[in-house]
Amino acid sequence: MPELPEVETVRRGLSKYFANEKIVAVQVLYRKLLLGDPEEFIQQVTGSTVREVDRRGKFLLLRLNNRQTIVSHMRMEGRYAIEDGSAQPRKHTEAIFKLANGSQIFYDDTRKFGKMQLVVTGQETEEVRSLATMGPEPTEATLTLDYLFARLQKSKKAIKGWLLDQNNLAGLGNIYADEVLWMSKINPLRPACRINREEAELLRENIIQELAFAIDQGGSTVHSFIDASGHAGHMQDKLHAYGRVGQPCERDGYELVKIKVAQRGTTYCPHCQK
DNA sequence: TGAGATGTTCACAT
DNA sequence: TATGTGAACATCTC
């Protein structure tokens, strides 16, 4: 379940392995992976070179040398893997990029939710609507307290759901939303507009620090996430709330409970998250 | 055996 | 406009 830290980890892996190697062939084994015409995709990508790999929120942007960009979203279980030239497609392999150096990059997706789309470089926001409306990246410079607090005040939504909305800020998913709320001692059901400025400041710092820390840990391996070279992350061992239902809160020892907020499983401490 | 849970985004309903 | 719900899928658990 790639969230921002996992996508960033994959981005770094792909940057290294695509690294100016020509893509000599593309195989698409699941046509619905692609938004747009599959033939057009294959034709444009074949013979091109990935100059660099960018990221915006949970989207990967593979910059080709022919003024095209592959916009890739892994959704739930999408996964890139580096393989040698003899590797055969697996049950859920949806696309294969064969590189000039003989290696292959597989895109696998057990649940088939992930999507790829070819767009003209620079036209991403015109062609991918969620990129056009996406909120700021969660960094010190781009996620300001003034923005965060003002935007929180405008919404009555439960804070958990608010944090998951990529239009408010980019990159948080279910795992890290639970984590930053636990760290900030905020109840996931609290309406966004009921968070005061001091709490917003704390929330902001926790979001920025937690995501940076998770990237440093190579992401969380909870269900299927593995980086592009096949290594699991370590972040799952550092989580305080997500996946710890029934276990004692590390702060006060009370039992963590699981509820549903915005249709998503949400684990929190009812004693210290107010 | 089969219902329910898993989690991201979009389309649609209210 | 803002918010909520179900669908797109496959797999695992109870």
Side-chain angles (χ1 to χ4, degrees), chain A residues 1-10 28-36 55-61 71-80 89-95 107-117 119 124-135 137-138 150-181 188-194 211 214 219-226 233 235-236 239 241-246 257-268:
Chain A
M1 48 191 84
E3 301 180 29
L4 188 149
E6 291 75 33
V7 179
E8 176 60 21
T9 301
V10 173
V28 178
L29 291 84
Y30 180 70
R31 292 170 74 88
K32 284 167 73 179
L33 161 67
L34 301 175
L35 297 171
R55 180 189 58 72
R56 175 77 172 99
K58 303 173 192 171
F59 285 87
L60 285 171
L61 305 164
V71 179
S72 166
H73 198 302
M74 299 183 280
R75 295 281 189 107
M76 297 286 303
E77 312 247 357
R79 180 169 146 185
Y80 285 91
R90 294 175 283 261
K91 187 175 177 190
H92 298 291
T93 302
E94 296 188 347
Y107 177 78
D108 291 24
D109 190 346
T110 41
R111 287 180 68 183
K112 296 181 159 55
F113 281 177
K115 294 289 174 213
M116 285 187 205
Q117 182 175 3
V119 306
E124 298 83 19
T125 55
E126 283 83 348
E127 300 192 46
V128 184
R129 198 172 50 173
S130 63
L131 282 175
T133 58
M134 187 174 285
E137 290 288 318
R151 187 132 182 149
L152 282 166
Q153 296 230 287
K154 287 184 191 145
S155 174
K156 294 175 183 159
K157 236 192 207 177
I159 183 64
K160 169 71 183 273
W162 191 92
L163 289 173
L164 294 175
D165 185 344
Q166 304 294 298
N167 296 312
N168 293 322
L169 71 144
L172 282 182
N174 209 30
I175 297 174
Y176 298 111
D178 278 7
E179 289 304 297
V180 299
L181 287 173
L189 291 167
R190 177 121 62 100
C193 58
R194 300 270 299 279
L211 291 180
S220 297
T221 301
V222 174
H223 278 161
S224 64
F225 168 74
I226 292 181
M235 190 62 196
Q236 66 279 6
L239 301 176
Y242 183 90
R244 298 191 70 245
V245 59
V257 302
K258 188 165 185 177
I259 59 171
K260 203 140 210 171
V261 185
Q263 314 284 90
R264 320 287 281 283
T266 299
T267 306
Y268 77 110

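Chain A is the first sequence line, chain B the second, and so forth, proteins listed ahead of strands; every chain is numbered from 1. These numbers were taken from a predicted model, which means no experiment stands behind them.
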**DNA chain C stem ranges, 3 or more consecutive Watson-Crick or G-U pairs under 3.5 angstrom** = B:2-6 with C:10-14, B:8-14 with C:2-8
**Message:** Run the salt bridge (charged side-chain N to carboxylate O under 4.0 Å, His left out) test against Arg190(A) and tell me which residues pass, sequence neighbours left out.
**Reply:** Glu199(A)
**His73(A) to Tyr107(A) - nearest heavy-atom pair and separation** = O-OH, 3.9 Å
**Request:** Check for a donor-acceptor pair, side chain of Gln117(A) on one end and backbone N or O of Ser72(A) on the other, with a separation under 3.5 Å.
**Result:** no
**Prompt:** Atom CD of Gln263(A) and atom P of dG4(B): how far apart are they, to the nearest Å?
**Reply:** 14 Å
**Prompt:** Going 5' to 3' on DNA chain C, which nucleotide is the first and which the last to come under 4.0 Å of a heavy atom in chain A?
**Reply:** dT3(C) to dT11(C)
**Prompt:** Residues in side chain to side chain contact (heavy atoms under 4.5 Å, CB included) with Leu189(A), at least two apart?
**Reply:** Asn187(A), Ile259(A), Val261(A)
**Message:** Can you tell me if Lys115(A) touches the phosphate of dT9(B), counting only side-chain N or O atoms and a distance under 4.0 Å to OP1 or OP2?
**Reply:** no
**Message:** Donor-acceptor pair, distance only, cut-off 3.5 Å: does the side chain of Asn168(A) make one with the backbone of Arg151(A)?
**Reply:** no
**Prompt:** Quick one: do Glu77(A) and Lys112(A) make a salt bridge, cutoff under 4.0 Å?
**Reply:** no
**Message:** Rounded to whole Å, how long is the line connecting atom CG of Leu164(A) with atom C1' of dT6(B)?
**Reply:** 14 Å
**Item:** P atoms of dC12(B) and dC9(C), separation to the nearest Å
**Value:** 15 Å
**Request:** Using atom CG of Leu172(A) as one end and atom P of dT9(B) as the other, report the distance to the nearest whole Å.
**Result:** 11 Å
**Item:** Atom-to-atom span, NZ of Lys258(A) to C1' of dA5(B) - whole angstrom
**Value:** 8 Å
**Item:** Spatial distance of atom NZ (Lys32(A)) from atom CG (Asp109(A)) [nearest 0.5 Å]
**Value:** 12.0 Å
Distances for protein N/O vs nucleotides 10-14 of chain B N/O pairs under 3.5 angstrom?
from    : atom 1 : to        : atom 2 : distance (Å)
dC10(B) : OP1    : Ser130(A) : OG     : 3.1
dA11(B) : OP2    : Arg129(A) : NH2    : 2.8

**Prompt:** To the nearest angstrom, how far is Lys260(A) atom NZ from dA5(B) atom C1'?
**Reply:** 6 Å
**Prompt:** Considering only the P atoms, how many Å lie between dT5(C) and dA5(B), rounded to the nearest integer?
**Reply:** 15 Å
**Asked** Is it true that a side-chain atom of Glu179(A) and a backbone atom of Ala241(A) form a donor plus acceptor pair closer than 3.5 Å?
**Response** yes
**Asked** Is a side-chain N or O of Gln166(A) found less than 3.5 angstrom from the main chain of Ser130(A), in a donor-acceptor match?
**Response** no
**With sequence neighbours excluded, residues passing side chain to side chain donor-acceptor pair (under 3.5 Å) with Thr267(A)** = none
**Request:** May I ask you to check whether over 12 heavy atoms, not counting those of Arg90(A), lie within 6.0 Å of atom CZ?
**Result:** yes
